Amino acid sequence: MSSGALPGFRDFYPDELARRAHIFRAWRAVARKYAFVEYDGPPLEPLDLYTKKSGDEIVGQLYNFVDKGGREVALRPEMTPTFARMVGARANALRKPVRWFSTPQLFRYERAQRGRLREHYQLNVDIVGEQSEVADAELLCVALEIMQQLGLTSADVRARVSDRRLLNGILLTIGVTEAQVPAVYAVVDKIARQPREVSAAKLTEAGLASALADRVLALASGVSFEALRAEFGAAPAAAEHIARFASYRSHLAALGFGDWVDLDLSIVRGLAYYTGIVFELFDAKGELRAICGGGRYDTLLKSLGGVDLPALGFGMGDVVLGELLQDRGLFAAADEDAVELHLVAGNGAGAAGYPKALALVTALRRAGFSVNHGMNAERYLGQATRNQVDSARKSGAVAAVSFNEKGETEVTSLLGKMSGAATLVLDTTRVLAGDDTTRQTLRTWLHEQRQTARQSHG
RNA sequence: GUGGAUGUAGCUCAGUCGGUUAGAGCAUCGGAUUGUGGUUCCGAGGGUCGCGGGUUCGAAUCCCGUCAUCCACCCCA
């Protein structure tokens, strides 16, 4: 089974590419609907673009090599450094806030597992130059509307949100020292993935009294925002952040996605560069890895490129998302790419002859329809029609097109039951002449067939 | 990088105690009155049994190694 692609890399056969395209369509449609514009950068970058930010240990997870000019280079493992460079280079000329998105293929040298390969496509959506939490709400809504666009509901997918500043304020209020905060973050980040005793032990190891450790674990294991507000709403270190988070929640509700979102203080997003509100999207059953993750990184641009602008963004990979859609059966209706018409021999095929059949194919194509045919004159004239129809069906065509005994052009739906299938008869002369009314008739009829099939399907 | 499980046709899987030419379903291709049809029937193609070595008269089967996949770590996207 190893004669194909490299480990962790995928061949996209047409079925699989159709699924990928389905996801990409949703990404682009929603991003554009939210007024984001698309950009891209090089898939190969200087190695130090990544080591500058994350240190040399990251090299173990990069596809890196020395090119023929002696340059240390790497396949991009993430888009943010490229994005930061591009924005940084033109920061003064760009209208703020910047709203950009991209769908790069990213690479990381790691052991492949379910939901995690060495290569994937990741939608990146970023906003630069707006510090208001309205931008945070807008950003999360892009991710959630994509879920909705793909047929998922708030019962399938949950957004877990937190705010590092809020968590920080609460920790300080209950007695954690500044010096202990990083260790607490590390424990909190893993709270769902390791036994409570282990988490508690690590906290006491970091210097927290056991009562305080219990308090931290309780807060990070799920408290409602209302409870937090009641307890910390007036605490000096937390009040500002509680108020901001309340505002964030109300903006989410106003934008129509309030019921997708849960507060979860254990979301800290690795220990990376996030500075404010952070979020992750999960399938509600908890079977898969995170679908999407992102948040605010107000200091990153400055540390990378020198421009001091607030920023926020998220990444959403195609792998876990594809698994979720597959599990929920949401790829089934994705027939956007189906060929519309397939030539088959009818009762009038012999009389009309093969050249006229090809002329019909060409006329239909010029009229804007996608048309397939068998590309074999002997088989067209000699093979039983039932076999030709069967082939047309299996090729995925919406309808078969043929000449009937009167020489008219007959179009037969291939969707649904074949006995009593819907049929449309067209004037062959008009079809060949590219008649506009005839084209509209066929266009409308094909649309109706797909609608009917879709309804009887679901 | 560490530990565990699994590798037989494009897919899902049988294959007995080690015994003749490795099978089935689905899928693919051809055919069943010059044809109104998802059905049915007939037929065909398709295999380095992951790969390499070992034991044996004989290996898909037993042993060792290796590669790949999956799962759990590690780490993150």
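Below, chain A is the first sequence line, B the second, and so on; all start at residue 1. Only this structure's heavy atoms are used, side chains among them; waters, hydrogens and symmetry mates stay out. The structure presented is a predicted model; accordingly, all values stated were derived computationally and were not measured.
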Counterpart residues, salt bridge (charged side-chain N to carboxylate O under 4.0 Å, His left out), relative to [X] (two or more places apart):
| X | result |
| --- | --- |
| A:Asp283 | none |
| A:Glu410 | none |
| A:Asp136 | A:Arg296 |

A:Phe369 meets the ring pair (Phe, Tyr, Trp, His ring centres under 6.0 Å) criterion, sequence neighbours left out, with none
Who are the ring pair (Phe, Tyr, Trp, His ring centres under 6.0 Å) partners of A:Phe65, not counting sequence neighbours? none
Strictly below 4.0 Å, heavy-atom distances to any atom of RNA chain B: list the hits from residues 281-289 of chain A, or just say none. none
Sticking with atom P, work out how far B:G10 lies from B:C67, rounded to a whole angstrom. 24 Å
More than 12 heavy atoms of other groups within 6.0 Å of A:Arg249 CZ: yes
Residue pairs, two or more places apart or on separate chains, that pass ring pair (Phe, Tyr, Trp, His ring centres under 6.0 Å) and touch [range]:
| range | result |
| --- | --- |
| residues 143-165 of chain A | none |
| residues 391-414 of chain A | none |
| residues 24-47 of chain A | A:Phe24-A:Trp27, A:Phe24-A:Tyr121, A:Tyr39-A:Phe83, A:Tyr39-A:Trp100 |

Under-3.5 Å donor-acceptor pair between A:Arg111 side chain and B:U2 base: yes
Between the base of B:C75 and the side chain of A:Arg116, is one N or O donor paired with an acceptor at under 3.5 angstrom? yes
Give me, pair by pair, the N or O atoms of the protein and of nucleotides 29-34 of chain B that are less than 3.5 Å apart, along with how far apart they are.
from  : atom 1 : to       : atom 2 : distance (Å)
B:G31 : OP2    : A:Gln383 : NE2    : 2.8
B:U34 : O4     : A:Leu381 : O      : 3.4

Mind pulling the stems RNA chain B is in, i.e. runs of at least three Watson-Crick or G-U pairs, everything under 3.5 Å? B:1-7 with B:67-73, B:10-13 with B:23-26, B:28-32 with B:40-44, B:50-54 with B:62-66
Restricting to pairs with a member in residues 146-157 of chain A, which pass salt bridge (Lys or Arg N to Asp or Glu O under 4.0 Å), not counting sequence neighbours? A:Asp156-A:Arg328
